[in-house]
**Student:** 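Once you've had a glance at the structure underneath, I'll fire off some questions.
All values derive from a computational prediction rather than experimental measurement. Ligands are counted one by one from 1 in listed order, and the atoms in each one are counted from 1 as well.
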Amino acid sequence: MDFQNVESKDNYVLIKNIKNFELEHVFECGQCFRWNKTEQGTFIGVAFGKVIEVEKKDNNLVIYNTTEEEFNNIWLDYFNLRRDYKEIKEELSEDPLLKKSVDFGNGIRILKQEPFEILISFIISANNRIPMIKREINTISKKWGKEIKYKDDIYYTFPKVEDLQDKTIEDFEGCGVGFRAKYIKDTCEKVYASDNILEYIYSCDDDKCHIELQKFMGVGPKVADCIMLFSMEKYSAFPVDVWVKRAMMHFYVAPDVSLKKIREFGRDKFGNLSGFAQQYLFYYARENNINV
Ligand code: 8HG
């Protein structure tokens, strides 16, 4: 456990003595699209049909607009708080090349997000930039999600598959997703038609999960790796996008190595911690704009 205990207050919970958790690192490392920093330095996000606000105060984490019951049922796993990240970081830091990235993003944790939302989000992410991805997901949520008021603002949950299954390619194009509209439509239809398909894929082992996800339109090896890592607890995933490719070229491999080979190299090297290693590398490369 990366915290001591939980105290429940009026409209918030206090997670005492939180470890290995920095707000910027968690929410700005590239794994999520529905969190935004406020002027006060807290972050507000929408997940699991709820809006919460998160603040770090002294050694504690404060989660506003929630209850202890919700913490135990949702946020404990969402923030991956059962896992000891010190162990992960110690093991990865044995590699002096990786240590630099681990130190830089030392408060990263891999969120356990909702599979359907992450499936659609990472279809949108292909050949796209993070600010645009965020905007397009927000538009989809605004059109077909549920409204939630928090403080003086209105937020929108990411829609359920039931709310999207009857939408047309043109409907999705209207959200700015371009050529990905037909992939989203096809994927929504498939998920809606086949009962429990995402639960089934979740239950598969890592390699099978990677193969099954690629049966959805618009999901290639890289997008499949992101989906399984960010929503299905498959920590041997190693998504290789432009940033991870640059980081790997910077630290380990020759420039002419293919994405597939970089993925294999990473998974061989980092094993069941590949997904974590990838996240430290992605964050380091992107924040420092590394070029090779
Ligand atoms: O967390 C991420 N890891 C990797 N490897 N790629 C990511 C993450 N988040 C994210 O958006 N991407 C991809 O990077 C999507 C898109 O192709 C590009 C945006 O910088």
Side-chain angles (χ1 to χ4, degrees), residues 22 24-36 45 47 78-80 88 92 98 101-102 104-105 107-115 117-138 140 158 176-180 183-184 206 210 213-214 216 218-253 257-267 269-270 273-292:
E22 295 300 334
E24 273 83 8
H25 297 178
V26 172
F27 299 124
E28 291 175 355
C29 73
Q31 63 179 325
C32 54
F33 304 112
R34 308 227 58 216
W35 283 89
N36 290 301
Y78 179 76
F79 289 114
N80 201 206
I88 298 173
L92 293 178
L98 189 58
S101 301
V102 172
F104 182 79
I108 286 178
R109 309 186 71 84
I110 302 287
L111 298 173
K112 186 184 165 210
Q113 304 176 75
E114 291 168 279
E117 173 177 339
I118 292 303
L119 171 62
I120 302 301
S121 298
F122 278 91
I123 288 176
I124 293 174
S125 85
N127 294 316
N128 209 344
R129 291 173 343 99
I130 289 178
M132 299 301 292
I133 304 168
K134 284 178 82 166
R135 190 155 88 193
E136 291 153 23
I137 295 171
N138 197 43
I140 290 177
F158 190 82
V177 300
F179 69 91
R180 304 168 199 86
Y183 305 155
I184 299 173
D206 295 26
H210 194 240
L213 282 169
Q214 290 178 66
F216 290 110
V219 179
K222 143 83 202 327
V223 167
D225 267 323
C226 286
I227 298 163
M228 63 196 253
L229 176 60
F230 302 135
S231 71
M232 298 186 172
E233 299 181 281
K234 304 290 192 262
Y235 300 112
S236 77
F238 196 76
V240 185
D241 74 303
V242 160
W243 292 111
V244 171
K245 182 176 186 221
R246 283 184 193 162
M248 291 299 281
M249 277 157 51
H250 181 70
F251 291 124
Y252 300 106
V253 299
V257 176
S258 68
L259 295 186
K260 187 163 182 282
K261 280 270 169 0
I262 297 176
R263 176 177 196 267
E264 283 162 11
F265 180 93
R267 294 186 86 216
K269 193 164 181 56
F270 306 122
L273 300 182
S274 298
F276 302 100
Q278 172 278 148
Q279 212 61 38
Y280 294 116
L281 289 168
F282 181 84
Y283 185 58
Y284 179 83
R286 204 166 153 258
E287 293 292 313
N288 295 293
N289 205 0
I290 67 162
N291 242 312
V292 279

**Student:** Any nitrogen or oxygen of P239, main chain or side chain, under 3.5 Å from a nitrogen or oxygen of ligand 1?
**Tutor:** yes
**Student:** Regarding atom 2 (C) of ligand 1: of the candidates F33, F238, F282, which has the closest heavy atom?
**Tutor:** F282
**Student:** Please report which non-hydrogen protein atom sits nearest to atom 16 (C) of ligand 1, along with the residue it belongs to and the distance in Å to one decimal place.
**Tutor:** S125 O, 3.2 Å
**Student:** Of K222, R286, Q278, which has the heavy atom at the shortest distance from atom 13 (C) of ligand 1?
**Tutor:** K222
**Student:** Tell me: protein heavy atom nearest atom 19 (C) of ligand 1, and distance?
**Tutor:** N128 O, 3.5 Å
**Student:** Starting from atom 14 (O) of ligand 1, locate the nearest protein heavy atom and write down its residue, its atom name and how far away it is, to 0.1 Å.
**Tutor:** D241 OD2, 3.5 Å
**Student:** Could you tell me whether R129 and ligand 1 have an N or O pair separated by under 3.5 Å?
**Tutor:** no
**Student:** Should the pair F104 and Y283 be assigned to parallel (<30°), tilted (30 to 60°) or perpendicular (>60°) ring geometry?
**Tutor:** tilted
**Student:** Just need the protein heavy atom nearest to atom 10 (C) of ligand 1, so name the residue and atom and give the distance.
**Tutor:** G30 O, 3.6 Å
**Student:** Ring centres under 6.0 Å, that's the criterion: do F230 and F122 meet it?
**Tutor:** yes
**Student:** Starting from atom 1 (O) of ligand 1, locate the nearest protein heavy atom and write down its residue, its atom name and how far away it is, to 0.1 Å.
**Tutor:** Q279 NE2, 2.8 Å
**Student:** Against heavy atoms of V244, which atoms of ligand 1 measure under 4.0 Å?
**Tutor:** 5 (N)
